[in-house]
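Written out below as structure tokens is the structure these notes cover.
All ligand and atom numbering here is 1-based and tracks the order in the structure. Quick caveat: nothing in here was measured; it's all calculated off a predicted structure. For reference, positions follow the sequence shown, starting with 1.
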Amino acid sequence: MNNKYKDDFIWFKGTIMPYGEAQINIMNTSAQYGINVFEGIRCYYDEKNQQLFAFKPYEHLERLLSSAKLLRLELKPHITIDYLIKGIQDVINANNLREDLYVKIGVFIDDEGSWSAFGPTGIYILAFPKGRVFPDKKGLNCCISSWQRISDSAVSPRIKSGANYINSRYGYLEAQMNGYDSTIFLNNNGKVSEGPGACIFMVRKGKLITPSITSSILERITRQSIIEIAQNELNIQVEERDVDRTELYIADELFFVGTSIEIVPILSVDQHVIDDNIGRLTSQLRGLFYNIVMNKKEKYNNWLTKL
Ligand code: PMP
């Protein structure tokens, strides 16, 4: 068994405890039906100032609360964003973490019951070291998925729920089994949506283009940050609009963005080569992004929260 967290401390329902003591009932609604909501938050360690920073934790926690609201999960009245930030701080302190890391926070239904239950809800927070996702890869070779992205009229991709990753799993495993690194989904209108765990950007004729927030995507954090960095630092025009599949094939640059993946170039789609290397704009945006998250750009200090 993978026992990666066995020596760690977890924040479980408001209390710090050894990871092995945090237990759930296998018959609870979340374990039975995949009904849960969660967030992954990256934290970056600034060696020079010996300070750990969380990247946009308030926005992640806002999305967590929106996801819970959309699934009608009832949170106890004392569960506020500030309370959860304190939980994150406590679990990082308990594990004495001083490096780049990932905080996973999830809300689950803590009782045996039907898939229609509202609660009672429980929350856990875990923090563990995490570096780059594809340290040895220049970029990814992707295919267009034969699976359609989930849509707002069935299972909303706007909710960060564990069950949504069933769709990601279909697409990702199909891609892997066909020899690709990852996949890109189209939505129910046949337009480009997103990857299994990341939003997508394309560069065409000097413009940065990304599917709009009504294209069946998980809206928010890295995508919005990249849009602002491109506009404010590189003076680049950004379009949020419908994107056709064939536009990807003739894009000048393509890349995925997300909390976990950060910024990763896409080298080909359905064996149409985009670029053998990281593109110029992708590389500039990635450089700026890392400078910001690593506290090297004062103007963006308010994107970081000291922990
Ligand atoms: N789409 C999906 C399906 C994801 O899982 C993620 C990662 N959370 C993203 C997009 C990127 O979102 P964010 O930048 O807010 O992490």
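- Side-chain atoms of D270 and Y249 form a donor-acceptor pair, as typed in the model, at a separation below 3.5 Å.
- Annotation: atom 5 (O) of ligand 1 to nearest protein heavy atom, Y165 OH, 2.4 Å.
- A donor-acceptor pair shorter than 3.5 Å cannot be found between the side chains of Q148 and Y170.
- The residue from E262, K297, K296 that alone fulfils the side-chain hydrogen bond (donor to acceptor under 3.5 Å, both in side chains) condition with Y290 is E262.
- Considering G258, G40, G197 only, the shortest heavy-atom separation from atom 6 (C) of ligand 1 involves G197.
- Looking at E262 against ligand 1, nothing comes within 4.0 Å, counting heavy atoms.
- Residue nearest to atom 15 (O) of ligand 1, selected from R149, R63, R223: R63 (by heavy-atom distance).
- Side-chain contact check for K130 and S260: at least one donor-acceptor pair (N or O, by modelled atom type) lies under 3.5 Å.
- The proximity of P157 to ligand 1, defined as any non-hydrogen pair under 4.0 Å, does not occur for either the backbone or the side chain.
- Residue-to-ligand polar distances place T259 within reach of ligand 1: an N/O pair is separated by less than 3.5 Å.
- On a distance-only criterion, K160 and ligand 1 share at least one N/O pair closer than 3.5 Å.
- For ligand 1, the atoms closer than 4.0 angstrom to any heavy atom of P196 are 3 (C).
- No hydrogens or angles considered: a donor-acceptor pair under 3.5 Å links the side chains of S212 and S215.
- If you check which protein heavy atom lies closest to atom 1 (N) of ligand 1, you get E194 OE1, 2.7 Å.
- Every atom of ligand 1 with a heavy atom of C199 under 4.0 Å away is listed here by number and element: 10 (C).
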### Query
Run the salt bridge (charged side-chain N to carboxylate O under 4.0 Å, His left out) check on R280 and E253 step by step: do they pass?
CA-CA 8 Å; R280 192 178 56 87; E253 300 178 34; 5.6 Å; no
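- Judged by distance alone, the side chains of E174 and N178 never bring a donor and an acceptor atom under 3.5 Å apart.
- Counted by atom type alone, Q176 and Y172 present one or more donor-acceptor pairs between their side chains at under 3.5 Å.
- The nearest heavy-atom contact from the protein to atom 14 (O) of ligand 1 is T222 OG1, 2.5 Å.
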